[in-house]
Amino acid sequence: NQGEELRKKIKDLGMSSDEKTVLNAIYDDINHLISKVLTAFEKRACELLSTGKLSINENGAVKEVNYGFKVDTNKIDFTGWSSTTHDIDADIIALKKASKNKIVRMIMSSTVMGYILANGKLNEIASKAGVYVTEDWAKAYIAGQVGVEIIVDDRTYKLSHKDTTEYRFFPEHTLVS
């Protein structure tokens, strides 16, 4: 945002449209830099949540910080979730119990949410209730039965404005709790 004083100066100086375009480009550049910093911060936050590590490799700084996250003991194995007969409810309940009821939120991709929506047991429960399994219903059911809020995060970012590749903040086949 250009402050009132700056807008008055621009008007009083009688700037040409070319000069105004240059000034606007400068302000857009600042917005892009701010956006780049916020994106890098969010990327690192999501990396830390999903791996327990931070990898920094920019501006001449190369460092990896490991917070001791052990994939074999701290990460839920949801490889069987793609099968409609797998008991996803039981996995979430077991994870909640293993955490001594500390887990209150799970972050996942829409791919993992798709496994939940296609799950036979949840579809059977919904059918008995006379409803279809939707994302909202599944979230409400799991929150009510297990006490775990589900957040679906499919956000992406680009490394630069010229980049055609979009990168995910959270890996697609990741479930973070």
Side-chain angles (χ1 to χ4, degrees), residues 31 33-58 61-159 163 165-177:
N31 283 333
L33 288 173
I34 291 169
S35 176
K36 190 174 179 181
V37 168
L38 293 174
T39 299
F41 175 79
E42 187 67 19
K43 178 181 162 237
R44 286 195 183 93
C46 293
E47 177 186 8
L48 178 61
L49 282 172
S50 62
T51 66
K53 298 176 186 173
L54 282 177
S55 301
I56 301 166
N57 186 2
E58 60 185 51
V62 178
K63 182 151 179 103
E64 186 169 300
V65 182
N66 188 338
Y67 288 90
F69 182 82
K70 295 179 179 69
V71 174
D72 55 336
T73 58
N74 293 357
K75 198 167 186 181
I76 187 170
D77 179 19
F78 65 94
T79 52
W81 285 25
S82 60
S83 168
T84 58
T85 59
H86 188 83
D87 194 350
I88 293 174
D89 241 2
D91 285 350
I92 295 173
I93 290 167
L95 180 67
K96 177 106 176 171
K97 284 183 181 177
S99 75
K100 297 182 176 132
N101 293 324
K102 291 179 184 172
I103 292 175
V104 295
R105 190 170 296 112
M106 298 173 98
I107 304 171
M108 62 184 65
S109 69
S110 58
T111 301
V112 177
M113 176 53 86
Y115 298 152
I116 293 173
L117 297 177
N119 186 262
K121 181 179 177 185
L122 286 179
N123 276 279
E124 186 179 314
I125 292 167
S127 178
K128 287 179 182 175
V131 297
Y132 292 105
V133 175
T134 63
E135 189 172 312
D136 289 336
W137 182 88
K139 287 177 179 181
Y141 174 78
I142 292 170
Q145 295 299 312
V146 187
V148 175
E149 175 190 11
I150 293 179
I151 299 169
V152 176
D153 190 344
D154 286 324
R155 293 173 300 147
T156 59
Y157 64 94
K158 294 181 180 182
L159 295 177
D163 199 354
T165 305
E166 291 195 22
Y167 303 91
R168 295 179 62 89
F169 283 105
F170 280 103
E172 186 173 11
H173 295 283
T174 298
L175 175 68
V176 179
S177 54

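- Contact annotation: the side chain of L38 approaches that of I34 to within less than 4.5 Å [non-hydrogen atoms, C-beta and beyond].
- T111 is linked by a side chain to side chain donor-acceptor pair (under 3.5 Å) to E172, counting only residues two or more places apart in sequence or in another chain.
- Here I151 contributes atom CD1 and R105 contributes atom CZ; the two are 5.5 Å apart, rounded to the nearest 0.5 Å.
- How far NE2 of H173 is from CH2 of W81: 13.5 Å, rounded to the nearest 0.5 Å.
- Of the possible donor and acceptor atoms, none in the side chain of K96 sits under 3.5 Å from a partner among the backbone N and O of V148.
- For S35, there are no side chain to side chain donor-acceptor pair (under 3.5 Å) partners two or more places apart in sequence or in a different chain.
- By the side chain to side chain donor-acceptor pair (under 3.5 Å) test, T85 pairs with S83, sequence neighbours left out.
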Please list, one pair per line, the donor and acceptor atoms closer than 3.5 Å that link side chains of residues 135-143 to other protein atoms, with sequence neighbours excluded.
unit_1: E135; atom_1: OE2; unit_2: K139; atom_2: NZ; d: 3.2
unit_1: Y141; atom_1: OH; unit_2: D89; atom_2: OD2; d: 3.3

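- Contacts of K97 classified as side-chain contact (heavy atoms from CB on, under 4.5 Å), with partners at least two apart in sequence or in another chain: I93.
- Put simply, the side chain of V112 does not reach to within 4.5 Å of the side chain of M106, judged on heavy atoms.
- Within the 4.5 Å cutoff, the side chain of V104 has no heavy atoms near those of the E149 side chain.
- Nearest heavy atoms, V152 versus S109: CG1-C, 3.9 Å.
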List, one per line, each side-chain donor-acceptor pair under 3.5 Å for residues 120-129, sequence neighbours excluded.
unit_1: K121; atom_1: NZ; unit_2: D87; atom_2: OD1; d: 3.4
unit_1: N123; atom_1: ND2; unit_2: L117; atom_2: O; d: 2.9
unit_1: N123; atom_1: ND2; unit_2: N119; atom_2: O; d: 2.7

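- With sequence neighbours left out, Y132 forms a side-chain contact (heavy atoms from CB on, under 4.5 Å) with no residue at all.
- For the side-chain contact (heavy atoms from CB on, under 4.5 Å) test, residues two or more places apart in sequence or in another chain that qualify with N57 are V62.
- Listed here is the closest heavy atom pair of T165 and D163: N-OD1, 3.1 Å.
- For R155, the salt bridge (charged side-chain N to carboxylate O under 4.0 Å, His left out) test picks out E42, D153, with sequence neighbours left out.
- Taking K43 as the reference, Y157, F169 meet the side-chain contact (heavy atoms from CB on, under 4.5 Å) condition, with sequence neighbours excluded.
- The structure places OG of S50 at 9.5 Å from CD1 of I107, a figure rounded to the nearest 0.5 Å.
- Applying the salt bridge (charged side-chain N to carboxylate O under 4.0 Å, His left out) test to every pair with at least one member in residues 44-53, sequence neighbours left out, gives these pairs: R44-E58.
- One distance of note links CG of L48 with OH of Y67; it measures 6.0 Å at 0.5 Å rounding.
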